There are 2 protein chains.
Amino acid sequence: MTTDLPTIQQNFVESLSQISRFWGFPKGMGAIFGVLYLSPAPLSLDELVEQTGLTKGAISTEVRSLARIGLVHRSTKLGDRKDYYEAETDFYAAIRSILKERQNSEFDRAIRSVRETLSILEAGAGSNGPEWQFTLERVRALQEFFDAIDSLNNAVIKLEKLGFVNVQRILGVLK
Amino acid sequence: MTTDLPTIQQNFVESLSQISRFWGFPKGMGAIFGVLYLSPAPLSLDELVEQTGLTKGAISTEVRSLARIGLVHRSTKLGDRKDYYEAETDFYAAIRSILKERQNSEFDRAIRSVRETLSILEAGAGSNGPEWQFTLERVRALQEFFDAIDSLNNAVIKLEKLGFVNVQRILGVLK
DNA sequence: TACTATGTTTAGTAATTACTAAACATAGTA
DNA sequence: TACTATGTTTAGTAATTACTAAACATAGTA
């Protein structure tokens with residue numbers, strides 16, 4: 001069992017890399033966030049280069065993605081020409097930002113396309129046969145599922161206001 | 001606006017491919033599921049080859065992945081040597097199965113690793129300085145967030161029993 | 001102005017993943 | 001037994017993605 005801090009930190013960063021990769025982000029993104037998250041003070045680009053082993057270019061672009069989804073914030077110090085980066089610690093805020101960002105994503109375009117398909121099918125329901133009806137039913141069922149998931153997404157956002165303990169209580173109702 | 005059924009179906013399958021890709025699965029997987037989902041009867045491997053444009057090999061392996069996560073079921077007919085595949089229509093059942101499957105995944109290994117890190121940090125909290133303490137706080141906060149998300153996953157599973165309408169009502173409480 | 005410290009973009013490479021084509025395995029049938 | 005219809009595995013290719021190295025841009029300083 002390892003008990004020296006640097007090794008522990010390194011393991012943690014490694015875990016975040018894995019998680020990042022699992023969700024389809026570059027593992028470097030997870031590493032950058034991990035390093036920043038464990039740093040008591042904001043870090044410069046060069047410090048990130050040193051601590052993650054990535055090159056300046058990679059850090060530059062990935063840190064921008066992280067900032068775009070709100071997981072990292074960029075700041076500057078007066079009389080210092082470096083940029084400094086620090087991790088968002090309010091994950092609910094970050095999630096809210098990610099979901100907002102997602103509005104324009106390929107994912108949402110696809111979801112919207114399913115919804116449109118459903119409209120077309122509904123519009124033509126009267127003047128078409130059982131095959132059409134079958135397709136309508138299936139697409140509708142999927143759409144309802146998407147809506148349910150979406151409600152849960154909204155719930156995640158609301159968690160922020162409630163706090164974890166209250167959520168546990170509410171979820172208890174579901175038992 | 002397109003209103004012939006084959007085109008509508010094709011669009012739908014295309015959308016599912018996109019969604020599949022977005023979640024880090026091969027887009028072929030989404031296409032296979034889409035075709036099966038819109039088919040009133042189970043389809044054979046050769047029919048899937050025809051309708052998706054993929055090769056036998058690809059279908060063979062991807063349909064196995066889909067079966068493993070419970071989104072597709074394989075069946076046979078007496079006196080027919082083909083396998084037939086059909087889509088799971090109970091998405092909640094599928095999600096339950098996916099979450100179960102996830103237990104062994106890279107993702108969960110990483111999550112567990114964070115939890116172990118937290119234990120080590122907690123164990124050493126008494127005999128270490130403020131740096132250690134800082135790391136402990138941060139890792140703990142992340143762990144709590146993971147736990148909250150996990151509660152929501154469980155909630156998704158429970159949705160099945162409640163139905164969509166009730167869920168909407170419960171989520172209303174959160175407003 | 002030239003120089004320096006910084007961050008960004010770009011062109012290319014390495015690594016990964018999805019997929020194809022074809023060999024292979026197997027169970028059933030003549 | 002040889003043959004056929006099926007599904008699987010394998011070796012390789014195509015496509016995609018993550019990343020590097022280095023050129024570039026720019027704001028500040030001497």
Side-chain angles (χ1 to χ4, degrees), chain A residues 13-14 16-36 42-69 71-86 105-107, chain B residues 13-14 16-36 42-69 71-86 105-107:
Chain A
V13 170
E14 180 66 26
L16 288 200
S17 300
Q18 295 289 109
I19 291 169
S20 175
R21 186 150 74 149
F22 185 86
W23 289 107
F25 301 103
K27 74 187 210 301
M29 252 176 86
I32 293 168
F33 179 80
V35 165
L36 290 175
L43 298 178
S44 71
L45 195 142
D46 278 333
E47 287 167 319
L48 280 172
V49 166
E50 197 186 332
Q51 294 203 33
T52 61
L54 298 172
T55 57
K56 276 204 304 174
I59 305 269
S60 173
T61 59
E62 291 184 357
V63 108
R64 191 146 13 100
S65 306
L66 282 164
R68 194 160 43 83
I69 64 177
L71 272 172
V72 155
H73 302 290
R74 184 189 301 235
S75 61
T76 49
K77 292 180 188 170
L78 276 177
D80 183 340
R81 116 178 38 159
K82 290 197 188 75
D83 287 351
Y84 287 89
Y85 304 95
E86 88 193 289
S105 73
E106 288 305 304
F107 177 72
Chain B
V13 170
E14 181 66 26
L16 288 200
S17 301
Q18 297 289 109
I19 291 169
S20 175
R21 187 150 73 148
F22 184 87
W23 288 107
F25 301 103
K27 72 187 213 302
M29 252 176 86
I32 293 169
F33 179 80
V35 165
L36 289 174
L43 298 178
S44 70
L45 196 143
D46 279 331
E47 286 166 321
L48 281 171
V49 166
E50 196 187 332
Q51 293 203 33
T52 62
L54 300 171
T55 57
K56 277 202 305 173
I59 305 268
S60 172
T61 59
E62 291 184 358
V63 107
R64 192 147 9 103
S65 306
L66 282 165
R68 197 161 41 83
I69 64 177
L71 272 173
V72 155
H73 302 290
R74 184 190 299 237
S75 60
T76 48
K77 292 179 188 171
L78 276 179
D80 183 341
R81 123 181 24 166
K82 290 196 188 75
D83 287 350
Y84 287 89
Y85 304 95
E86 87 194 291
S105 74
E106 289 306 303
F107 176 72

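Chain letters run A, B, ... following the sequence lines, proteins first, then strands; residues in each count from 1. These numbers come from a predicted model, not from an experiment.
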For [X] and [N], give me the distance from atom [atom1] to atom [atom2], rounded to whole Å.
X        : N      : atom1 : atom2 : answer
Lys77(A) : dA5(C) : NZ    : C1'   : 16 Å
Lys82(A) : dT6(C) : NZ    : P     : 4 Å
Glu62(A) : dT9(C) : CD    : C1'   : 15 Å
Asp46(B) : dT8(D) : CG    : C1'   : 14 Å
Glu47(B) : dA5(D) : CD    : P     : 16 Å
Asp80(B) : dG7(D) : CG    : C1'   : 13 Å

| With distance as the sole test, does Ser17(A) use its side chain to make a donor-acceptor pair with the main-chain N or O of Gly30(A) at under 3.5 Å? |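 Side chain of Ser17(A) to backbone of Gly30(A): no pair is present.
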| request: List in chain and number order the residues that pass salt bridge (Lys or Arg N to Asp or Glu O under 4.0 Å) with Arg68(B), two or more places apart in sequence or in another chain; answer none if no residue qualifies. | output: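 Scan of Arg68(B) (salt bridge (Lys or Arg N to Asp or Glu O under 4.0 Å), adjacent residues dropped) gives Glu101(B).
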| message | Can you list everything that forms a salt bridge (Lys or Arg N to Asp or Glu O under 4.0 Å) with Arg74(B)? Sequence neighbours excluded, please. | response |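 In terms of salt bridge (Lys or Arg N to Asp or Glu O under 4.0 Å), with neighbours along the sequence ignored, Arg74(B) is linked to Asp83(B).
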| field | Runs of at least three Watson-Crick or G-U pairs with DNA chain D, cut-off 3.5 Å | value |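 Stem list for DNA chain D: C:1-30 with D:1-30.
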| field | Neighbour count >12 (heavy atoms, 6.0 Å) for atom OH, Tyr84(B) | value |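 Enclosed.
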| remark: Reading nucleotides 20-30 of chain D from 5' to 3' and marking B where a protein heavy atom lies under 4.0 Å of the base, S where only the sugar-phosphate is that close, and - otherwise, the string is BS-----B-S-
| message | Tell me whether the side-chain N/O atoms of Arg64(A) come closer than 4.0 Å to OP1 or OP2 in dT9(C). | response |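 Yes, such a contact exists.
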| Which residues satisfy the ring-ring contact (aromatic ring centres under 6.0 Å, His included) test with Phe33(B), sequence neighbours excluded? |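 Applying ring-ring contact (aromatic ring centres under 6.0 Å, His included) to Phe33(B) gives Tyr37(B).
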| said: Using side-chain heavy atoms (C-beta onward) and a distance below 4.5 Å, is Leu36(A) in contact with Leu48(A)? | reply: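 Side-chain contact under 4.5 Å: yes.
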| task | Output all residues satisfying side chain to side chain contact (heavy atoms under 4.5 Å, CB included) with Gln18(A), sequence neighbours left out; order by chain, then residue number. | result |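 With sequence neighbours excluded, Gln18(A) shows a side chain to side chain contact (heavy atoms under 4.5 Å, CB included) to Glu14(A), Arg21(A), Glu106(B), Ala110(B), given in chain and number order.
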| Near DNA chain D, which residues from residues 25-35 of chain B have a heavy atom under 4.0 Å away? |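 Nucleic-acid contacts, sorted: none.
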| field | Trace of the side-chain contact (heavy atoms from CB on, under 4.5 Å) decision for Glu47(A) with Tyr85(A) | value | CA-CA 10 Å; Glu47(A) 287 167 319; Tyr85(A) 304 95; over 6 Å; no
For a quick test of your reading: what N or O donor-acceptor pairs under 3.5 Å do the side chains of residues 54-63 of chain A make, sequence neighbours left out?
from, atom 1, to, atom 2, distance (Å)
Thr61(A), OG1, Ala58(A), O, 3.1
Glu62(A), OE1, Met29(A), N, 3.3

| task | Rounded to the nearest 0.5 Å, what's the gap from CG on Leu66(B) to NE2 on His73(B)? Could you check? | result |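 Rounded to the nearest 0.5 Å, the CG-NE2 separation comes out at 10.5 Å.
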| request: Mind checking Arg21(B) for me? I need base, sugar-phosphate or nothing, with any heavy atom below 4.0 Å counting as a touch. | output: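 Counting heavy atoms under 4.0 Å across all strands, no contact is made by Arg21(B).
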| Sequence-distant partners of Ser65(A), side-chain hydrogen bond (donor to acceptor under 3.5 Å, both in side chains), two or more places apart |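 For Ser65(A), no residue satisfies side-chain hydrogen bond (donor to acceptor under 3.5 Å, both in side chains) once neighbours in sequence are set aside.
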